[in-house]
Amino acid sequence: MILKLSDPVNKLPRVGDIYAKKLKRLEIKTINDLLYHFPHRYIDYSLLSKINQIQPGETVTIKGKIENIKSEYRQFKKSIQRAVVSDSSGEIKVIWFNQPYLINTLKAGKEVSLSGKAKSFAGRLTLASPEFEIINSQRSQAIHTGRLTPIYPLTAGISSKWLRWQIKTTLELVRGQIKEFLPYKILIQENLINQYEAIKKIHFPENKTALKRAQERLAFDEVFLPQLAAKLRKINWQNEKKALPINISLSKLKKLTDQLPFTLTNAQKKAVSEIINDLAKNRPMNRLLQGDVGSGKTVVAAIAAYDVWLAGQKTMLMAPTEILAAQHYQTIKNIMPKNLKIGLKTSNQKINNNNFDILIGTHALIFKKKRPSKIGLIIIDEQHRFGVEQRALLIKKSQKQKSQTYPHVLTMTATPIPRSVALTLYGDLDLSILNELPSGRQQVKTWIIPQKKRENAYQWIKKQIKNYHSQVFIICPLIEESEKELMKNIRAATTEYKKLKKGVFSNLKLSLIHGKLKIKEKNSIIKQFNQGKIDILVATPVVEVGIDIPNATIIVIEGAERFGLAQLHQLRGRVGRGEKQSYCFLFPSFNVSQHAYQRLQIFQQNNIGVKLAEMDLAERGPGEIFGTAQHGFPKMKIASLTDYQLINRARKTAAKIVRQINQFPLLKKKLKKYTIKLVEPN
Ligand code: ADP
Ligand code: MG
């Protein structure tokens, strides 16, 4: 039977359903997944030592003969296995724990290779729990000892030893299936080893140089493929899609901008003109507006929608939560002329949703039954919170069927995206960046509050509320991010709310808001908070993104160390939106580690979103920046998104090859993982 890479792992010899189930916990479902389960580190057992030269503390490999071995039982089903191993230079004691079956394999007289750390026990040199391999005459390649030995991310019931054997045999079984997908000329130009070699050597490198070569190749793939996919998307978007040009002169927009309660920042003006420029073309815009929290993206989006309205077209704006949709509805309604009809559509609220110039809503917009006509512009707020597919669906829905024209698309995000990530993952989007905050904003003062100062902090907050009518957010710790565990967050927030209400803040007006409240309740709470009728709003971490309450000046973040820096920055952005001095209190958990504490100190001293995101990226990888967001791209296992040199190199290569993609069907097939799937919901 020939195994295919896409076959489920339980087709492999010695992997039954039970192991398949365990492997699934490591996200290994297919044979290919198994081969792409890379070691997270290696132990260097390549130093081969004579027994009489070993020093205590050394990590060594010895080759010798088992003189004797026995297993001794101890209490409570525990056991110890003792052996003596010799080579031409001397003898050494070897022990293992709780592996009585070893005496069936490691019999006296066998030649073995042992790798481990030598320790001195009661004055005698001992190898404790070494990796072992029986040296047999066929001289098959060692995988556990005497080499750079791979150590894998594990789960209960799966050991590195098991994985090594499994991966080794699988590699031999499917050798012919691992086909090179990079064009030969790229391998040559970029001096990369081939795919099969790279996979083999990432698991079983013969030395450090070989390992480096394998890592180089695999890292290249990880940053090359998404960039190539993005370039391809961009070409498709620009060459094949047509849009209705919306050609309104900037001066006509003055009517709107002149009556805003503020003047636009230079960054906002620049973004507006970039957008207006794009809209005037007969190619659909595909632009990402990135701006730190509070940088004023909404008004930029509103101006774009106004532009579209002047041209007799319509706009749909999709926001990730009902609260945000309702808030945008209010904000945009307030600044638009009276004769511009604004609609709202969420799963619970419908206003003018069939007769609108601008329709604002949640993902409920996607499921609109009536296909809206004349949609000239789609705006997607906090775009990373939507799946790639949801975005694509909304666009598709607004596509004008007969004429085949596409709407212009503006996506917005407050997530600071480091340049490298933008290039790699969003290479097909044009970028507008709001890199300045409206004038008059003061930096939010950030303090880390140790446990023993907590009471003082509460008293200080109380005084602020009393003397200045300050309003406060209290964000409860992030317990679990997954949807399933959302309830835990809500329970924790509820407990905290009750405790504060009974205790230290008993004389104040407190409210609790979380994701499972009905939208009416949520809206009413936000409204009351907005009107200053609530002093303290206790919230779960997920509910708050994007809420704009200029009067809130204090935010308390419980369990602060559990958040990524970029996430903390988003939370901090809930305050400091007006002209008053604002404060952010970080309450770390009781037994926070030194390292976590230092991260909070970095956060305390740093106010620039992109900087913080870059630090997150270096420390925790891109997942952290986007939180639970399903940005829909395969994980990077080897490449670092802080490696600009590699990213640039891959980008140049992608640019060279993108127009010849049809000559390389294997490469093209690889890009599938990075492309958008379109599925119409029923
Ligand atoms: P975000 O970029 O986080 O979505 P918003 O669009 O919610 O930010 O804007 C934050 C606040 O700043 C709002 O209250 C908005 O009215 C205000 N704002 C926006 N632009 C300006 C400006 N140029 N000058 C002063 N305030 C502004
Ligand atoms: Mg916003």
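Just follow the structure's listing: the first ligand is 1, and inside any ligand the first atom is 1. Values reported hereafter were calculated over all heavy atoms of this structure, with side chains retained and with hydrogens, waters and symmetry mates removed.
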Any idea which part of Met412 is under 4.0 Å from ligand 1, heavy-atom wise: side chain, backbone, both or neither? neither
Using ring centroids (six-membered ring only for Trp), state whether Trp460 and Tyr583 fall under 6.0 Å. yes
Crowded around Lys255 NZ? As in, over 12 foreign heavy atoms under 6.0 Å? no
Does Ala414 come within less than 4.0 angstrom of ligand 1, counting non-hydrogen atoms of the residue? no
Below the 3.5 angstrom mark, is there an N/O of Gly296, backbone or side chain, next to an N/O of ligand 1? yes
Enclosure of Lys270 NZ (heavy-atom neighbours >12, cutoff 6.0 Å): no
Please name all residues satisfying side-chain hydrogen bond (donor to acceptor under 3.5 Å, both in side chains) with Asp535, sequence neighbours left out, ordered by chain then number. none
Of all heavy-atom pairs between Ala326 and Asn523, which one has the smallest distance, and what is that distance? CB-OD1, 3.8 Å
Does Phe587 have any ring pair (Phe, Tyr, Trp, His ring centres under 6.0 Å) partners at least two apart in sequence or in another chain, and if so, which? Tyr458
Taking 4.0 angstrom as the limit and counting only heavy atoms of Thr263, give me the atoms of ligand 1 inside it, by number and element. 22 (C), 23 (N), 24 (N)
Pick from Gly576, Gly294, Ala267, Ala301: the one approaching atom 3 (O) of ligand 1 most closely through a non-hydrogen atom: Gly294
Evaluate Gly291 for polar contact with ligand 1, using N/O atom pairs at a separation under 3.5 Å. no
Please verify whether a non-hydrogen atom of Gln327 lies at under 4.0 Å from ligand 1. no
Any idea which atoms of ligand 1 are less than 4.0 Å away from a heavy-atom of Thr265? 23 (N)
Where's the contact between Glu579 and ligand 1, heavy-atom distance under 4.0 Å: side chain, backbone, both or neither? neither
Could you check whether Arg599 makes a cation-pi contact with Phe563, meaning its NZ or CZ is under 6.0 Å from the centre of the six-membered ring and within 45° of the ring axis? no
Would you mind running through ligand 1 and noting each atom that sits below 4.0 Å from a heavy atom of Thr298? 4 (O), 5 (P), 6 (O), 7 (O)
